[in-house]
Amino acid sequence: LGGALSDEIGVLFNPNDPANRLYPRQKTLDEVLDLLNGGGIKAEETELRDQWPQIWSQDETIGWVYQYFNPKELRDRLKQLSKFPLNGYEISVRSAYFTPLYVVKYLVDNTLGHIWYEMQKGDTQLKDQCHYMVRRPTEIFLKEGEQPPKDAIEGKDDLSQDELVKLPVYIPYRPKKDPRELKILDPACGSGHFLLYCFDLLLTIYEEAYADPDLGPAIRQDYPTLDALKRDVPRLILAHNLHGIDIDLRASQIAALALWLRCQRAYQEMGLKKDR
């Protein structure tokens, strides 16, 4: 199984890695899994036990677990030895705090989400899907080569906040891109929380691009039906769209695993059991 997985996730599960040959006894492994799944919770804490399946269903869970992999005592000791990290290992231990989901959503909604929103001139499902996307009630999408009126860029210092919000906002023309050309890089990806959320938005973006009169024809050359595209979208997202680097090798390994698991969930939701 490790050999099969290492073909798909090159940074993990290599059967030739000595660490992967040190495997616990089945009884020990079952006990650990039982603890992770809430088996160590007391009877009076059954409400918390009921939440365990929901916790493990989240794509980010493995990253949150890793945040606590390095104990607080180790971080405190490193800080006592030196005010600043001395090497990459210390940086990874002392700064392994991963971004809360609402912050992830706010930043991605207003980068990847807003870029696609501008390409589609506001005609996209992402308006409802991206709860943190910043939009104004009077947006005007400019055409190619069109410039906003001169009075639109003059100072409005004398207006109240309510009046400013109601002013028309001119959004510069943004040419459409085939979703396979969208590149997302997280330069400090950690366990991949930003990339996982990008994955969700890209599922919608690919589907909308297929129906787009400008982008659809090129995509239909490779995928004659929408169903054929959707079956390949998880692979396309990892092959073309998502990139991440991190000074912490273990964190980047977790990111790779989390994205692979996200693909498997996408296939599961399609009902696709073979030829994933």
Side-chain angles (χ1 to χ4, degrees), residues 8-10 59 104-135 139-147 169-189 192-245 252 255-256 258-272 275-276:
E8 298 190 26
I9 317 175
D59 299 317
V104 170
K105 288 186 173 182
Y106 177 82
L107 292 172
V108 174
D109 285 356
N110 291 290
T111 49
L112 173 63
H114 216 285
I115 286 170
W116 184 253
Y117 173 80
E118 292 173 7
M119 288 180 179
Q120 297 298 108
K121 293 183 170 56
D123 185 17
T124 171
Q125 296 178 39
L126 294 187
K127 287 189 299 185
D128 301 318
Q129 187 173 338
C130 297
H131 300 301
Y132 294 94
M133 184 188 291
V134 176
R135 294 187 289 130
E139 294 175 334
I140 299 173
F141 294 92
L142 299 175
K143 299 177 182 178
E144 186 174 6
E146 188 178 7
Q147 298 296 324
V169 176
Y170 295 90
I171 298 178
Y173 172 77
R174 186 183 288 276
K176 294 179 180 179
K177 271 189 176 182
D178 186 310
R180 291 169 289 188
E181 297 177 6
L182 296 173
K183 306 295 182 187
I184 298 101
L185 170 66
D186 187 344
C189 67
H193 291 187
F194 281 93
L195 300 178
L196 285 165
Y197 184 58
C198 286
F199 189 103
D200 293 344
L201 301 195
L202 286 164
L203 290 175
T204 300
I205 288 171
Y206 270 93
E207 188 168 344
E208 290 186 348
Y210 193 83
D212 187 280
D214 300 315
L215 300 174
I219 300 175
R220 281 192 284 272
Q221 289 180 4
D222 298 318
Y223 301 96
T225 66
L226 177 59
D227 184 60
L229 172 67
K230 291 170 77 171
R231 290 166 68 95
D232 202 32
V233 161
R235 182 192 67 82
L236 289 173
I237 291 174
L238 295 197
H240 295 284
N241 303 120
L242 301 181
H243 306 269
I245 54 176
S252 61
L259 286 167
W260 181 84
L261 290 170
R262 182 64 185 88
C263 282
Q264 303 311 312
R265 180 156 70 87
Y267 288 129
Q268 186 179 40
E269 290 169 353
M270 293 179 208
L272 190 64
D275 303 319
R276 290 184 172 186

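T124 and E208 share a side-chain donor-acceptor pair at under 3.5 Å. In this structure, a donor-acceptor pair under 3.5 Å is absent between the side chains of Q129 and D200.
Nearest heavy atoms, L195 versus L242: O-CD1, 3.5 Å. Nearest heavy-atom pair, Y206 versus H240, reported as atom, atom and distance to 0.1 Å: OH-CB, 4.5 Å. V134 and H114 make their closest contact through O-NE2, 3.0 Å (heavy atoms, listed as atom of the first residue, atom of the second, distance). Here the closest non-hydrogen pair linking L215 and W116 is CD1-CH2, 3.7 Å. Of all the heavy atoms in C130 and G113, the pair that sits closest is SG-CA, 4.5 Å. Closest of all the heavy-atom pairs between P179 and I219 is CD-CD1, 4.1 Å.
The CG atom of L196 sits 5.0 Å away from atom CG of L259, with the distance rounded to the nearest 0.5 Å. The CD atom of Q264 sits 11.0 Å away from atom CZ of R262, with the distance rounded to the nearest 0.5 Å. To the nearest 0.5 angstrom, D186 atom CG is 11.5 Å from S252 atom OG. Within the model, atoms CG of L226 and CZ of R220 stand 10.0 Å from one another, a figure rounded to the nearest 0.5 Å. Rounded to the nearest 0.5 Å, atoms SG (C198) and CG (L185) are 10.5 Å apart.
For residues 223-241, every residue pair satisfying the salt bridge (charged side-chain N to carboxylate O under 4.0 Å, His left out) rule, not counting sequence neighbours, is listed here: D232-R235. A salt bridge (charged side-chain N to carboxylate O under 4.0 Å, His left out) check over residues 110-128, counting only residues at least two apart or in different chains, returns the pairs E118-R174.
Counting only heavy atoms from C-beta outward, the side chains of L229 and D222 never approach each other to under 4.5 Å. Contact check for I205 versus L126: side-chain heavy atoms found under the 4.5 Å cut-off.
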Passes side-chain contact (heavy atoms from CB on, under 4.5 Å), M119 versus I115? Steps please.
CA-CA 6 Å; M119 288 180 179; I115 286 170; 3.7 Å; yes
As a quick check of understanding, evaluate side-chain contact (heavy atoms from CB on, under 4.5 Å) for D109 and Y197, giving each step before the final call.
CA-CA 9 Å; D109 285 356; Y197 184 58; 2.7 Å; yes
Q120 vs D212, side-chain contact (heavy atoms from CB on, under 4.5 Å): CA-CA, chis, key distance, verdict:
CA-CA 9 Å; Q120 297 298 108; D212 187 280; 3.3 Å; yes
Take L236 and Y223 through the test side-chain contact (heavy atoms from CB on, under 4.5 Å) and record every step on the way to the result.
CA-CA 12 Å; L236 289 173; Y223 301 96; 3.6 Å; yes
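Side-chain atoms of H243 never come within 3.5 Å of backbone atoms of K183 as a donor-acceptor pair (strictly under, hydrogens ignored). Under a 3.5 Å cut-off, the side chain of N241 and the backbone N or O of L182 do form a donor-acceptor pair. Under the 3.5 Å distance criterion, the side-chain polar atoms of Y173 are left unmatched by any main-chain donor or acceptor of Q147.
For Y117 and F141, the ring centers sit closer than 6.0 Å to each other.
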